[in-house]
Amino acid sequence: MVKLASAEMAEKRLATRAAFGATLAELAEEGVPVVAVDADLTGSTTTKKFAAAAPENADKLFNCGIAEQNMIDVAAGLALTGHVAYTGSFAVFGTGRAYDQIRNTVCYSNLDVKICPTHAGVSVGPDGGSHQMLEDVSLMRGLPNMRVLVPADYAAARAAIKLAAKTPGPVYVRMGRAAVPCVYDDDVELELGRAYVLREGSDATVVACGVEIREALAAADMLAEEGVSIEVIDAFSVKPLDEDTITASVAKTGCCVVAEEHSVHGGLGSAVAECLARKNPAPCEFVGVQDRFGKSGEFEELLGYFNLDAAAIVEAVKRARGRK
């Protein structure tokens, strides 16, 4: 089992995006031939911190301006010259606007490009529905050769960025804007294709990723007060999915709830449903955005508004258990 954050650490809040530039600087210092390619958002994505970390890094950050399609093509060219290329931008632009280039230039040729946008999901908050990307996991998960990682906190994001460097070919790392509680120990190492049981239980399985991990753990605490024992799994690696860990848990508990800060269509929920349909059919409920665009508001408000919070997971668990 991976080491979780101490009680003291769990009180701290950091944004997953804050790990990006700092981790690229670590990789460069370790001798990994990393470069960063951004689309005029180097401050927000924190790639600017990578460039500022060492004098030699200044020439390893390429700001393409507001031209996300070109950003992907530049990254592809750098990958072809032996670099490990990371792209920035916001998720709505870095995946949506550049989808054709990711599909036909990066994935079709299986290039060593790591798509690492920030500001995904409703955590973008006041920027509103136009910027709250809720379809990106679905888009990236559907691409051949693409792997999809959704870290829960700063430490997991750091681990994901490092894991991407060690994984040949395209990798998608989804990061958010909002500061979230720490889940993992600072030096956690995560594996591709692994899910992690963060809390053992017997009455229902909750599979979550990203910011929904903190909500799932809070829901488990709430249900424990009612005598209901919940197993919480972090499906950090959405693709490839750790089907063995998930099916073993559901075989034990008899039902499943999937929670994600993403549309209920095509993301983690779809991946888990496909897995269980093949291997262990069981009652499932899905906590996610219900086929709609986002809305302007503060992050914490939006979690409640879209029924993405711990209370929504509690109700979903009760529904799933009622269908056993």
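Quick note: residue numbers are just sequence positions, from 1.
Atoms NE2 and CZ, on H265 and F286 in that order, are 10.5 Å from each other to the nearest 0.5 Å. Taking OG1 from T105 and CD from Q69, the interatomic distance works out to 10.5 Å, rounded to the nearest 0.5 Å. Atoms OG and CG, on S229 and L223 in that order, are 9.5 Å from each other to the nearest 0.5 Å. Between atom OG1 of residue T253 and atom CD of residue E200 there is a gap of 12.0 Å, rounded to the nearest 0.5 Å. Atom CD of E231 and atom OG1 of T245 lie 9.5 Å apart (nearest 0.5 Å). To the nearest 0.5 Å, atom CZ of residue R141 and atom CG of residue L241 are 8.0 Å apart.
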Check step by step if side chain to side chain contact (heavy atoms under 4.5 Å, CB included) holds for V289 and H262.
-> CA-CA 6 Å; V289 178; H262 185 271; over 6 Å; no
Do T95 and M140 pass the side chain to side chain contact (heavy atoms under 4.5 Å, CB included) test, and can you show the C-alpha distance, the side-chain angles, and the key distance before you say yes or no?
-> CA-CA 8 Å; T95 62; M140 297 298 103; 4.0 Å; yes
CA sep, side-chain torsions, deciding dist, call: H119, R17, side chain to side chain contact (heavy atoms under 4.5 Å, CB included) = CA-CA 8 Å; H119 294 64; R17 65 175 171 135; 3.6 Å; yes
For side chain to side chain contact (heavy atoms under 4.5 Å, CB included), just list the numbers for L276 and C284, CA-CA rounded to whole Å, side-chain angles, deciding distance to a tenth of an Å, and then say yes or no.
-> CA-CA 9 Å; L276 294 178; C284 289; 3.4 Å; yes
Passes salt bridge (Lys or Arg N to Asp or Glu O under 4.0 Å), E261 versus R177? Steps please.
-> CA-CA 13 Å; E261 185 208 10; R177 174 189 185 186; over 6 Å; no
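A heavy-atom distance below 4.5 Å is not found between the side chains of L149 and V238. In this structure, the side chains of V137 and L139 stay at 4.5 Å or more apart for every pair of heavy atoms. At least one side-chain heavy atom of T205 sits under 4.5 Å from a side-chain heavy atom of I233. Between Y154 and T16, the closest side-chain pair of non-hydrogen atoms is not below 4.5 Å. By the 4.5 Å heavy-atom criterion applied to side chains, V35 and Y86 are not counted as neighbours. Annotation: side chain of M9 is in contact with side chain of D186 (closest heavy-atom distance under 4.5 Å). With contacts defined as side-chain heavy-atom distances shorter than 4.5 Å, the pair V228/R321 qualifies. A heavy-atom distance below 4.5 Å is not found between the side chains of S130 and V92.
Between the side chains of H83 and T81, at least one donor N or O sits under 3.5 Å from an acceptor N or O. For the residue pair D136/Y172, the side-chain donor-acceptor check at 3.5 Å is satisfied. With hydrogens and angles left out, the side-chain atoms of T247 and N280 include no donor and acceptor closer than 3.5 Å.
Listed for the T46 side chain is no donor-acceptor partner under 3.5 Å among the backbone atoms of G43. Counting only distance, with no hydrogens or angles, the side chain of R147 and the backbone of N145 share a donor-acceptor pair below 3.5 Å. Although no hydrogens or angles enter the test, the distance criterion places no donor-acceptor pair under 3.5 Å between the side chain of D153 and the main chain of C182. One N or O on the side chain of D112 and one on the backbone of G169 form a donor-acceptor pair closer than 3.5 Å. In this structure, D185 contributes its side chain and L4 its backbone to no donor-acceptor pair below 3.5 Å.
Of all the heavy atoms in V232 and A220, the pair that sits closest is CG2-CB, 4.0 Å. Taking all atoms of both residues into account, the shortest heavy-atom contact from N307 to A312 is O-CB, 3.2 Å. A pairwise comparison of heavy atoms in L303 and E212 identifies CD2-OE2, 3.8 Å as the closest pair. Taking all atoms of both residues into account, the shortest heavy-atom contact from L61 to F50 is N-CE2, 4.4 Å. Scanning all heavy atoms of the two residues, the minimum distance from E260 to S263 falls at OE2-O, 3.7 Å. Pairing each heavy atom of Q132 with each of V124, the nearest pair is CG-CB, 4.0 Å.
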Which donor-acceptor pairs under 3.5 Å do the side chains of residues 18-27 make with protein atoms, sequence neighbours left out?
from, atom 1, to, atom 2, distance (Å)
T23, OG1, A19, O, 2.5
E26, OE1, R158, NH2, 2.9
E26, OE1, K162, NZ, 2.9
E26, OE2, R158, NE, 2.9

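Only one option out of D38, D40, T118, T87 pairs with T45 in a side chain to side chain donor-acceptor pair (under 3.5 Å); it is D38.
Residues I230 and I246 are members of separate hydrophobic clusters, defined by side-chain heavy-atom contacts under 4.5 angstrom among Ile, Leu, Val, Met, Phe, Trp and Tyr. Note: the hydrophobic cluster containing V113 does not contain V84 (ILVMFWY, side chain heavy atoms under 4.5 Å, direct or indirect links). In terms of hydrophobic clustering, with Ile, Leu, Val, Met, Phe, Trp and Tyr side chains grouped at heavy-atom distances under 4.5 Å, V2 and L192 are assigned to a common cluster. A single hydrophobic cluster is not seen to contain both M175 and V150; linkage of ILVMFWY side chains at heavy-atom distances under 4.5 Å, directly or through other members, places them apart. No continuous path of ILVMFWY side-chain contacts below 4.5 Å connects F293 to V264, so the two sit in separate hydrophobic clusters.
Within a 6.0 Å sphere centred on NZ of K48, heavy atoms belonging to other residues, nucleotides or ligands number 12 at most. Heavy-atom neighbours of K239 NZ from other residues, nucleotides or ligands within 6.0 Å: above the threshold of 12. Counted within 6.0 Å of NZ on K252, heavy atoms from surrounding residues, nucleotides or ligands total more than 12; the atom is thus considered enclosed. When the shell of 6.0 Å around CD1 of I66 is examined, it contains 12 or fewer heavy atoms from other residues, nucleotides or ligands. Within a 6.0 Å radius of CZ in R103, no more than 12 heavy atoms belonging to other residues, nucleotides or ligands are found. Open room surrounds CD on E29; 12 or fewer heavy atoms of other groups in view lie less than 6.0 Å from it.
Note on ring orientation: taking the six-membered ring where Trp is involved, the planes of Y196 and Y184 are perpendicular (angle over 60°, cut-offs 30° and 60°).
A salt bridge links K318 and E226; the closest N-O separation between the charged side-chain nitrogens and carboxylate oxygens is under 4.0 Å.
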